[in-house]
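If you're wondering where the values come from, they're calculated on a predicted model, not measured in any experiment. In this chain, residues are counted from 1 in sequence order. Computed from heavy atoms alone, side chains included, the values below leave out hydrogens, waters and symmetry copies.
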Amino acid sequence: MRRIGKWLLLAVATLILTVLVGGRIYQGVSESRDLARHPPPGELVRVDGRLMHIHCLGEGSPTVMFELGVGSVAVSWADIQREVAAFTRACVYDRAGLGYSEPTDRPLRASDVAGRLHTLLADASIDDDLVLVGWSAGGVYIREYQRRHPGRVKAMLLVASSHEQQAVRIPRETDAGPDRALRIARHLAPFGLVRLSGVMSQRVASSSASDDVKQVLEVLYHRSHMLETVWNESAAFELDIHAEDPPSPIGDIPLTVVTPGRYEGTPAETEAWSELQRELVGLSPRGKQVIAAESGHNVYSDQPELVVEATRELVELVRDRTRDRGPAPEGG
């Protein structure tokens, strides 16, 4: 009986090893095939030893730079980017480990995100005035960037923006941390099991993105390290929204805060969220609030035209101020 037991254990171990090795091979071959079919549309720039993907369309200044929420990839805003590129240069990028960008070996806080973005812009030769658009967590990231480099940022658009103190000031009745399913899936993805399950394919199919964008989203969310990155971003961002101090004023620059009209929460949560949104409007004496009445958190898909028009307005305000200043004086 002991000999039979040993053989059974050996057989089970061999089966598990075969599945894992086969899964890694399947995942690697599938990922390489997918990326060959859908290569990065933009430029890969080396930042701190890792390649980062940035994609710019259109011409003109100021440059509009989009910063997205936790776990979001640049292509998810492709439709809005194309609209904005009709009137100025519009750029999206993938943070480390997301989309086409290579992962780092540690979770990145808002300060890390801002520092890497600054290096990316410099190495990509984007040195003109910036209009920063931040959705969700991206709002915290671009405020950190503006705090570090106030001279570069000439206007700011916050879309359903997170707030640096929301974790302590919005009462939470349920755990708002990283998804428990994600805790498991991030370990299964490198072995092709998430790809085989079809879970990510179903999520992408249910999105409101255009068909060409959905094809790329499915490729990117099936990358081996993608879910691990989402997990790490979620954990790091949870620290960013436990700040002791409220966000710093951003100076006398145009600021538009787009607030979703359909906030999903209890009355107490909704009131706290509304108060934080009003605080964001007050970060600039030129701040104003726009209510996206038909939108939930994903304003960019619920009312994309509102995001485009708010961006256009800020670009024109920056251009008007530049024209008012006139050309720089000649000579010393």
Task: Min side-chain heavy-atom separation Met52-Tyr93 under 4.5 Å - done: yes
Open item on the list: Among residues at least two apart in sequence or on other chains, which ones pass side chain to side chain donor-acceptor pair (under 3.5 Å) with Arg50?
Closed with: none
Open item on the list: Is there a path of hydrophobic side-chain contacts, each under 4.5 Å between heavy atoms, that joins Tyr221 and Leu182?
Closed with: yes
- [ ] Scan for disulfide bond (SG atoms under 2.5 Å apart) pairs involving residues 257-308, sequence neighbours excluded, and state none if there are none.
- [x] none
TODO: Flag the pair Val113 / Glu144 as yes when at least one side-chain heavy-atom distance between them is below 4.5 Å, and no otherwise.
DONE: no
Open item on the list: Please give me the minimum heavy-atom distance between Leu283 and Pro247, naming the atom from each residue.
Closed with: CD2-O, 3.6 Å
Task: Glu228/Arg223 salt bridge by N-O under 4.0 Å criterion - done: no
- [ ] For Glu43 and His55, run side-chain contact (heavy atoms from CB on, under 4.5 Å): C-alpha distance rounded to whole Å, both residues' side-chain angles, the deciding distance at 0.1 Å, then the answer.
- [x] CA-CA 6 Å; Glu43 179 183 2; His55 183 213; over 6 Å; no
Open item on the list: Checking the side chain of Glu269 only, and the main-chain atoms of Thr266 only, is there a donor and an acceptor separated by less than 3.5 Å?
Closed with: yes
Open item on the list: Glu316: which residues meet the side chain to side chain donor-acceptor pair (under 3.5 Å) condition with it, sequence neighbours left out?
Closed with: Arg319
TODO: Determine the minimum heavy-atom distance between Thr229 and Ala96, stating which atoms define it.
DONE: CG2-O, 3.4 Å
TODO: Without swapping roles, check the side chain of Ser162 against the backbone of Val140 for a donor-acceptor pair under 3.5 Å.
DONE: no
Open item on the list: Main chain of Asp245, side chain of Glu164: is a donor-acceptor contact present, judged purely on distance under 3.5 Å?
Closed with: no
TODO: Please identify each residue that fulfils salt bridge (Lys or Arg N to Asp or Glu O under 4.0 Å) with Glu275, with sequence neighbours left out.
DONE: Arg169
Open item on the list: Are the side chains of Pro62 and Leu130 in contact, using a 4.5 Å heavy-atom criterion?
Closed with: no
Open item on the list: Using 30° and 60° as the class boundaries, would you call the ring planes of His149 and Tyr145 parallel, tilted or perpendicular?
Closed with: tilted
Open item on the list: Show every disulfide bond (SG atoms under 2.5 Å apart) that has at least one partner inside residues 219-290, sequence neighbours left out.
Closed with: none
TODO: Answer yes or no: is there a donor N or O on one side and an acceptor on the other, between the side chain of Thr88 and the main chain of Val84, under 3.5 Å?
DONE: no
Task: Any donor-acceptor N/O pair, Arg95 side chain to Gly69 backbone, under 3.5 Å - done: yes
Open item on the list: For Ser161 versus Arg143, what's the shortest heavy-atom pair and its separation?
Closed with: OG-NH1, 3.1 Å
TODO: Evaluate the side-chain proximity of Ser76 to Leu68: yes if any heavy-atom separation is below 4.5 Å, no if none is.
DONE: yes
- [ ] Write down the atom of Ala85, the atom of Ala90, and the distance for their closest heavy-atom approach.
- [x] N-CB, 4.0 Å
- [ ] Using modelled atom types only, decide if a donor and an acceptor are shared between the side chain of Lys288 and the backbone of Val257 within a distance under 3.5 Å.
- [x] no
TODO: Measure the shortest side-chain to side-chain distance between Asp79 and Val213 over non-hydrogen atoms and say whether it is less than 4.5 angstrom.
DONE: yes
Task: Set of residues satisfying side chain to side chain donor-acceptor pair (under 3.5 Å) with respect to Arg106, sequence neighbours excluded - done: Asp112
- [ ] Please check if Val92 and Val219 belong to a single hydrophobic cluster, counting links between Ile, Leu, Val, Met, Phe, Trp and Tyr side chain heavy atoms closer than 4.5 Å.
- [x] no
- [ ] For residues 69-153, pull every pair meeting disulfide bond (SG atoms under 2.5 Å apart), keeping only residues two or more places apart or in separate chains.
- [x] Cys56-Cys91
Open item on the list: If you count heavy atoms of other groups shown closer than 6.0 angstrom to CD of Glu305, is the number above 12?
Closed with: yes
Open item on the list: Quick one: does any side-chain atom of Asp94 pair with a main-chain N or O of Tyr100 as donor and acceptor, under 3.5 Å?
Closed with: yes
Open item on the list: With heavy-atom distances below 4.5 Å as the criterion, would you say the side chains of Ser274 and Arg278 are in contact?
Closed with: yes
Task: Pairs flagged by salt bridge (Lys or Arg N to Asp or Glu O under 4.0 Å) wherever residues 122-140 is involved - sequence neighbours left out - done: Arg89-Asp128
TODO: Evaluate side-chain contact (heavy atoms from CB on, under 4.5 Å) for Ile253 paired with Val153, printing each intermediate quantity in order.
DONE: CA-CA 8 Å; Ile253 64 174; Val153 183; 4.2 Å; yes
- [ ] Starting from the C-alpha separation in whole Å, work towards a yes-or-no answer on side-chain contact (heavy atoms from CB on, under 4.5 Å) for Leu255 and Val281.
- [x] CA-CA 7 Å; Leu255 166 67; Val281 178; 5.6 Å; no
Task: Non-hydrogen side-chain atoms of Gln165 and Ile241 separated by less than 4.5 Å - done: no
Open item on the list: Using a 3.5 Å distance criterion without hydrogens, assess whether the side chain of Lys154 forms a donor-acceptor pair with backbone atoms of Val131.
Closed with: no
Open item on the list: Considering only residues two or more places apart or on different chains, which pairs with a residue in residues 274-314 satisfy disulfide bond (SG atoms under 2.5 Å apart)?
Closed with: none
Pairs under 3.5 angstrom only: tabulate donor-acceptor contacts from the side chains of residues 195-204 to other protein residues two or more places apart or in another chain.
residue, atom, partner, partner atom, Å
Arg195, NE, Gln27, OE1, 3.2
Arg195, NH1, Asp34, OD2, 2.8
Arg195, NH2, His222, O, 3.4
Ser197, OG, Val194, O, 2.7
Ser197, OG, Val199, N, 3.2
Ser201, OG, Glu218, OE2, 2.6

Open item on the list: Nearest 0.5 angstrom please: Thr259 OG1 to Leu280 CG, how far?
Closed with: 7.5 Å
Open item on the list: For a 4.5 angstrom cut-off between non-hydrogen side-chain atoms, does Val258 reach Thr256?
Closed with: yes
Task: side-chain contact (heavy atoms from CB on, under 4.5 Å) against Asp252, all qualifying residues, sequence neighbours excluded - done: Pro285, Arg286, Arg321
Open item on the list: Just to verify, what does His187 make a ring pair (Phe, Tyr, Trp, His ring centres under 6.0 Å) with, not counting sequence neighbours?
Closed with: none
Task: Contact summary for Ala124 and Val45, nearest pair of heavy atoms - done: CB-CG2, 4.4 Å
- [ ] Look at the side chain of Glu309 and the backbone N and O of Leu306, then say whether any donor-acceptor pair between them is shorter than 3.5 Å.
- [x] no
Open item on the list: Quick check against the 3.5 Å criterion: does Glu294 have a side-chain atom that pairs as donor or acceptor with the backbone of Gly261?
Closed with: no
Task: Audit row: Trp135, Trp77, side-chain contact (heavy atoms from CB on, under 4.5 Å) steps and yes/no - done: CA-CA 10 Å; Trp135 168 65; Trp77 277 54; 3.4 Å; yes
Task: Closest heavy-atom pair and its distance - Ser248, Arg147 - done: OG-CD, 4.2 Å
